[in-house]
Amino acid sequence: YKNAQITAIDLSLSSLSYAQRKINELKIDNVKLIQMDILEVSLLEEKFDIIECGGVLHHMKDPSKGLQSLLGVLKNNGYLKLGLYSQLARENITKARNYISSKRLKPNIDNIREFRQKIFSGELEDLNFLQSIPDFYSLSECRDLCFHIQESRFTVNQIESILNSKKLKFLGFLVNHQIRSRYKNDFPEDINQTNLTNWKIFEERHPGTFIGMYQFWVCKDENHMIFQENIDDSSVDKQSQETKKIKEVNSLPVKFSIAEKKDNVSISNDLPIKLSKAQIINQAINLHLKGNIKEAAKYSFAEEFIEKLP
C-alpha cells in the first residue's frame, strides 16, 4: 500500500530491528516502527483507518483490555482484523502444553530441542500429531506453538459475545477456497458467510478448520456500511446479477491509487464497465475482504471512469 501511512508497534526491540532491516532492504518509506505496549497505544494520539492485530490478544493476560485499547484508536468508519486461537482446533496442542507444564519445562532452546527429539523418537507417541504442523520445526515458532507462558483460547460463541459487548459488526472469516466452498455446501442460504451460529456448527463438524487461528474482520456499529451479497459468477447468470438490488456504501476499506494499480497488478480490459458505481464499489469491497487483492484492484481501478457512470 504505497499510498498508505503505516504505524507498526511491538514490545520486542529485536523484532523491530529485524523489521527495520527489511524496510531498509526493500526501500520502504511509509512505515513507522515504535516500541510500545498495546495497552498504551492511545499515547500515539492518532486514529487509524485499518488496524491489524493477529496472534497478539490471545497471549495477553486480559485480551479484552487489549481489544479495547485498539478500538480506542480505530476510526468510527475504520476496520479491524483480528487473529485469535480456537479452543476446538487447539485441543491436541493443549495436551502438549499440559505435558510441558507438568514437567516444568522452561521455554529455552535446550528444552524445546529435547521436547521435539522425544516426539521424533516416539517417546511421546500421543503428541506425534505435532509433526504435521509446520511451526513445530522452527525453534521460535515451536516456542509460540507449545511453550508460550500465556495463552487464551476462544470459541465462536465467545467471539460473538465479545463482538456484541463491544458493539462490533462481524464481516467474515479469512479462510481458503476449499473451506469457503464446503461452508457454502453446508449453508447455501448464508451468502455472505457471516452467520456465527452456522460457523459454530461448521467448526464442530470440521474441528481443524481454524488450526492456525480465527482470522476475521470487524467494524464498529457506527460504520453503517451495507455489503452487497457475494456473487459467484460461475453459479449466477449475468441477468440475475443485473437485477440484484444494489445498496449504496459509505467508503472503501482501503483507498487505492491508480498509480499503485499500474505498478502492482495487470489491469484487464474485461472490467464490467456496465456496472453502476455502487456495484463496482461493492464488488471491490467483497473481493478485498476475501483477500483477493488483485481482483479487488481491478474494480478499484474503475476510479478513473467512475464519474462517468450513472
Side-chain angles (χ1 to χ4, degrees), residues 38-39 41 48 50-94 97 133 135 144-145 148 150-184 186-187 189-227 229-230 253 285-286 288-291:
I38 196 173
L39 296 177
V41 71
F48 297 90
I50 292 179
I51 297 176
E52 296 193 22
C53 181
V56 177
L57 297 182
H58 55 225
H59 287 314
M60 297 182 67
K61 184 176 182 180
D62 189 341
S64 180
K65 286 186 178 180
L67 176 57
Q68 191 58 47
S69 293
L70 295 177
L71 294 176
V73 295
L74 180 68
K75 290 183 180 179
N76 285 340
N77 63 343
Y79 293 83
L80 173 62
K81 178 186 174 186
L82 295 172
L84 300 172
Y85 281 149
S86 162
Q87 174 72 47
L88 188 57
R90 287 179 68 85
E91 279 187 351
N92 283 334
I93 295 173
T94 301
R97 290 179 56 80
I133 302 176
D135 288 359
D144 198 51
L145 180 71
H148 204 288
Q150 181 72 52
E151 176 179 303
S152 297
R153 295 170 295 276
F154 299 84
T155 65
V156 173
N157 282 348
Q158 287 174 320
I159 290 175
E160 184 172 27
S161 176
I162 291 169
L163 298 187
N164 289 338
S165 68
K166 301 295 184 182
K167 296 183 179 180
L168 297 172
K169 179 180 177 63
F170 178 72
L171 301 177
F173 285 118
L174 296 176
V175 293
N176 61 39
H177 178 71
Q178 182 179 8
I179 293 174
R180 192 172 292 280
S181 296
R182 188 179 296 169
Y183 180 96
K184 183 178 180 180
D186 288 358
F187 306 100
E189 73 286 353
D190 183 15
I191 299 176
N192 289 330
Q193 302 193 349
T194 55
N195 186 311
L196 286 171
T197 300
N198 290 348
W199 277 110
K200 175 182 179 295
I201 297 171
F202 183 86
E203 187 181 21
E204 289 172 348
R205 293 174 181 172
H206 312 285
T209 299
F210 300 104
I211 186 61
M213 286 185 292
Y214 296 117
Q215 294 195 65
F216 55 97
W217 285 94
V218 299
C219 68
K220 295 182 178 180
D221 272 349
E222 295 97 317
N223 183 3
H224 297 295
M225 176 175 287
I226 303 174
F227 291 91
E229 293 181 342
N230 293 326
I285 290 170
N286 288 327
H288 181 76
L289 289 176
K290 290 179 181 179

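Just so it is clear, the values below take in all heavy atoms, side chains as well, and ignore hydrogens, waters and symmetry mates.
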message: What I'd like to find out is whether the side chain of Glu52 reaches to under 4.5 Å of the side chain of Ile50, using heavy atoms alone.
response: yes
field: Counterpart residues, side-chain contact (heavy atoms from CB on, under 4.5 Å), relative to Glu91 (two or more places apart)
entry: Leu88
- prompt: Cut-off 3.5 Å, side chains only: do Glu203 and Tyr214 have a donor facing an acceptor?
  reply: yes
Side-chain touch Arg90/Glu151, heavy atoms, less than 4.5 angstrom: yes
- prompt: Tell me, do Phe210 and Val175 make a side-chain contact under 4.5 Å, heavy atoms counted?
  reply: yes
query: So do the side chains of Gln215 and Leu84 get within less than 4.5 Å of each other, counting heavy atoms only?
result: no
message: Checking Asp135 now: which residues fulfil side-chain contact (heavy atoms from CB on, under 4.5 Å) with it, not counting sequence neighbours?
response: Ile133, Glu141, Leu145
message: Are the side chains of Lys167 and Lys220 in contact, using a 4.5 Å heavy-atom criterion?
response: no
message: Would you say that Lys166 contacts Ser64 through its side chain, given a criterion of any heavy-atom pair below 4.5 Å between the two side chains?
response: yes
- request: Flag the pair Ile51 / Lys81 as yes when at least one side-chain heavy-atom distance between them is below 4.5 Å, and no otherwise.
  value: no
Lys65: side-chain contact (heavy atoms from CB on, under 4.5 Å) partners, not counting sequence neighbours: Leu39, Asp62
message: Determine whether a donor-acceptor pair (N or O, by modelled atom type, separation under 3.5 Å) exists between the side chain of His58 and the backbone of Tyr85.
response: yes
query: Between Phe173 and Tyr183, is the gap from one ring center to the other below 6.0 Å?
result: no
message: My understanding is that only residues two or more places apart in sequence, or in another chain, count here; which of them pass side chain to side chain donor-acceptor pair (under 3.5 Å) with His59?
response: Asp144, His148
- prompt: Do Glu160 and Ile162 have side chains that get closer than 4.5 Å, going by heavy atoms?
  reply: no
- line: One should read off an interatomic distance between Phe48 CZ and Leu70 CG, to the nearest 0.5 angstrom, of 10.0 Å
- prompt: Which residues pass the side-chain contact (heavy atoms from CB on, under 4.5 Å) test with Val218, sequence neighbours left out?
  reply: Leu80, Leu163, Leu168, Phe216
field: ring-ring contact (aromatic ring centres under 6.0 Å, His included) partners for His206, two or more places apart
entry: Phe202
